[in-house]
Trainee: 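Let me give you the structure first, and then I'll get to my questions.
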Amino acid sequence: MEQQEKIPVPIFKEVDKDVFLRDIYPKRRPAVLRGSCLGPCLEKWTVEYLGERGGDKEVKIHVSTQPQMDFLHKNFAYKTLPFKEFVKRASERKHSDFFMCENESYYLRSLGEDVRKEPADLSKQFPHLAEDFHIPQYFEPHQFFSSVFRISSCGLQLWTHYDVMDNLLAQVTGKKRVALYSPQDALHLYLSGKFLYEDTSLFDCSKSVVSTHYSSLKFNSNIDGELFIFLCVSWFIKIKYFILIPPSGDKSEVLDIECPDLNQFPEFVKAKRYECVLEPGDLLFIPALWFHNTLALQFGVGVNVFWRHLPPDSYDRKDPYGNKDPVAANRALQALEKALHALDQLPEDYRDFYGRRMVQRVRKRTYCNSPCSTITQDMLHSSQITEPRLGQREINQ
């Protein structure tokens with residue numbers, strides 16, 4: 001079977017803020033930062049200590065009978081446990097107490113107090129543990145968005161996805177393998193999302209009651225952008241209009257990245273795979289839009305720190321997770337759907353002709369040769385970043 005090209009993620013030792021901003025950040029590529037000061041958490045965060053300090057605070061967790069969690073098909077259940085009990089179970093290979101089976105897998109992605117409005121913040125949800133963890137100072141304080149507690153069972157693998165903010169993944173305990181893919185390989189990753197449409201319907205014509213309903217439909221990259229919508233309309237319902245909201249498409253349909261089904265996903269082998277193994281104390285810089293897939297080689301505890309590197313109004317203000325597409329990108333996707341709908345009114349040969357012209361214009365206006373392009377001169381100036389030069393602390397993995 002044809003294999004993906006694998007590239008080791010470079011490792012930098014004893015990186016301070018100046019080195020990070022000068023040698024690493026402008027390149028817009030993943031990097032392992034080894035030897036950074038994360039605080040006493042590296043020595044203190046044992047299973048017993050975590051349970052004692054976290055106590056009986058209830059946490060919402062993912063539980064699955066399969067170690068490979070699949071967000072697309074939801075092969076897991078959301079459960080609630082006291083934090084102390086969760087940590088104990090997650091650290092075990094087999095459980096005497098369990099929800100589904102004795103070898104089920106556990107995963108915590110901490111949430112804000114109001115999950116619909118507030119981003120996760122370690123200092124608010126786990127203040128007694130937050131004092132042990134020092135947030136890396138590689139960005140300005142006003143750029144901070146969230147700090148996410150992540151705890152997982154040994155062997156747990158999470159789906160391939162991207163985030164729209166830059167982030168640092170701090171590995172505090174245990175080892176974790178991370179596979180990453182460039183944004184420029186997005187077309188080889190078979191992204192899947194959801195199309196939403198909003199329709200205004202008259203349910204009871206005699207009373208003229210107007211209601212708004214939302215429906216979701218799976219969008220599959222394999223159908224080459226075509227969208228099939230089936231609307232079931234009863235005799236008393238009149239559809240007045242509907243609005244298409246483009247899919248987020250932030251997750252890959254290729255669930256098994258080790259042995260992918262190349263009959264179903266033939267393009268996947270063309271994506272270059274960047275890979276590293278994080279050890280306790282390591283930081284992984286994951287630039288925005290880089291796809292990543294994690295595998296816990298041991299029971300592990302980590303903290304994700306996200307920050308806004310684009311202007312604040314670029315992001316959806318109602319997004320506490322920080323993973324919705326930027327506002328401008330979402331508008332552009334909606335405009336694209338409207339343009340494609342307009343082309344549907346033409347004969348097939350005309351659609352083909354003007355579709356090719358649209359693709360040509362999109363490529364000319366948006367494609368870039370380097371992933372560094374989002375670091376503009378204004379951002380370089382505001383963040384006091386100088387032009388990149390060869391880092392002296394880089395070592396081979």
Side-chain angles (χ1 to χ4, degrees), residues 72-73 161-162 164 183-206 208-254 263-268 270-271 289 291 313-319 323-368 373:
L72 293 176
H73 303 101
H161 69 284
Y162 71 86
V164 299
Q184 294 182 333
D185 278 335
L187 296 182
H188 305 316
L189 298 181
Y190 296 88
L191 304 186
S192 178
K194 287 184 177 180
F195 263 102
L196 298 179
Y197 69 86
E198 176 183 353
D199 66 79
T200 299
S201 309
L202 298 180
F203 273 84
D204 185 343
C205 296
S206 61
S208 299
V209 178
V210 179
S211 302
T212 301
H213 301 273
Y214 295 90
S215 300
S216 63
L217 298 148
K218 186 177 179 185
F219 171 84
N220 189 317
S221 58
N222 292 332
I223 62 177
D224 197 27
E226 294 183 42
L227 178 65
F228 298 93
I229 300 178
F230 298 93
L231 299 177
C232 298
V233 185
S234 299
W235 66 271
F236 54 87
I237 297 178
K238 178 182 178 183
I239 301 297
K240 294 186 68 177
Y241 67 86
F242 66 86
I243 302 171
L244 287 176
I245 304 174
S248 60
D250 63 334
K251 302 169 186 67
S252 170
E253 291 187 355
V254 185
N263 290 322
Q264 185 177 4
F265 308 114
E267 293 289 314
F268 182 67
K270 297 180 181 180
L289 307 184
F291 295 84
D313 58 0
S314 300
Y315 302 101
D316 189 325
R317 296 180 181 179
K318 296 180 180 180
D319 177 20
N323 58 10
K324 287 186 178 180
D325 289 320
V327 174
N330 196 47
R331 287 201 201 106
L333 289 170
Q334 291 186 45
L336 174 61
E337 287 305 315
K338 185 176 181 180
L340 293 174
H341 181 66
L343 288 185
D344 287 340
Q345 302 173 46
L346 297 172
E348 181 180 9
D349 54 341
Y350 279 74
R351 289 200 306 271
D352 180 274
F353 175 73
Y354 287 103
R356 292 175 188 274
R357 289 187 61 185
M358 288 172 64
V359 169
Q360 184 181 45
R361 293 192 65 180
V362 168
R363 284 182 174 176
K364 185 175 180 180
R365 288 282 297 273
T366 66
Y367 280 29
C368 61
S373 62

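Because the structure is a prediction, the values reported are computed rather than measured.
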Trainee: Please tell me if the side chains of Tyr190 and Pro266 come closer than 4.5 Å, counting only heavy atoms from C-beta onward.
Mentor: yes
Trainee: Could you measure the distance from the CG atom of Asp352 to the CG atom of Leu346? Nearest 0.5 Å is fine.
Mentor: 11.5 Å
Trainee: Atom CD of Gln184 and atom CG of Leu289: how far apart are they, to the nearest 0.5 Å?
Mentor: 10.5 Å
Trainee: Determine whether Leu343 and Met358 make a side-chain contact, defined as any pair of heavy atoms from C-beta on separated by less than 4.5 Å.
Mentor: yes
Trainee: Determine, for Lys324 against Asp316, whether the closest basic-nitrogen to carboxylate-oxygen distance falls under 4.0 angstrom.
Mentor: yes
Trainee: Got a second to check how far Lys251's NZ is from Phe291's CZ, nearest 0.5 Å?
Mentor: 11.0 Å
Trainee: Decide yes or no for Leu189 and Phe268: does some side-chain heavy atom of the first lie under 4.5 Å from some side-chain heavy atom of the second?
Mentor: yes
Trainee: Any chance you could measure Tyr354, atom OH, to Asp349, atom CG, to the nearest 0.5 Å?
Mentor: 10.0 Å
Trainee: To the nearest 0.5 angstrom, please state how far the CD atom of Gln334 sits from the CG atom of Leu336.
Mentor: 11.0 Å
Trainee: Can you give me the closest heavy-atom contact between Leu187 and Tyr367, atom names plus distance?
Mentor: CD1-OH, 4.3 Å
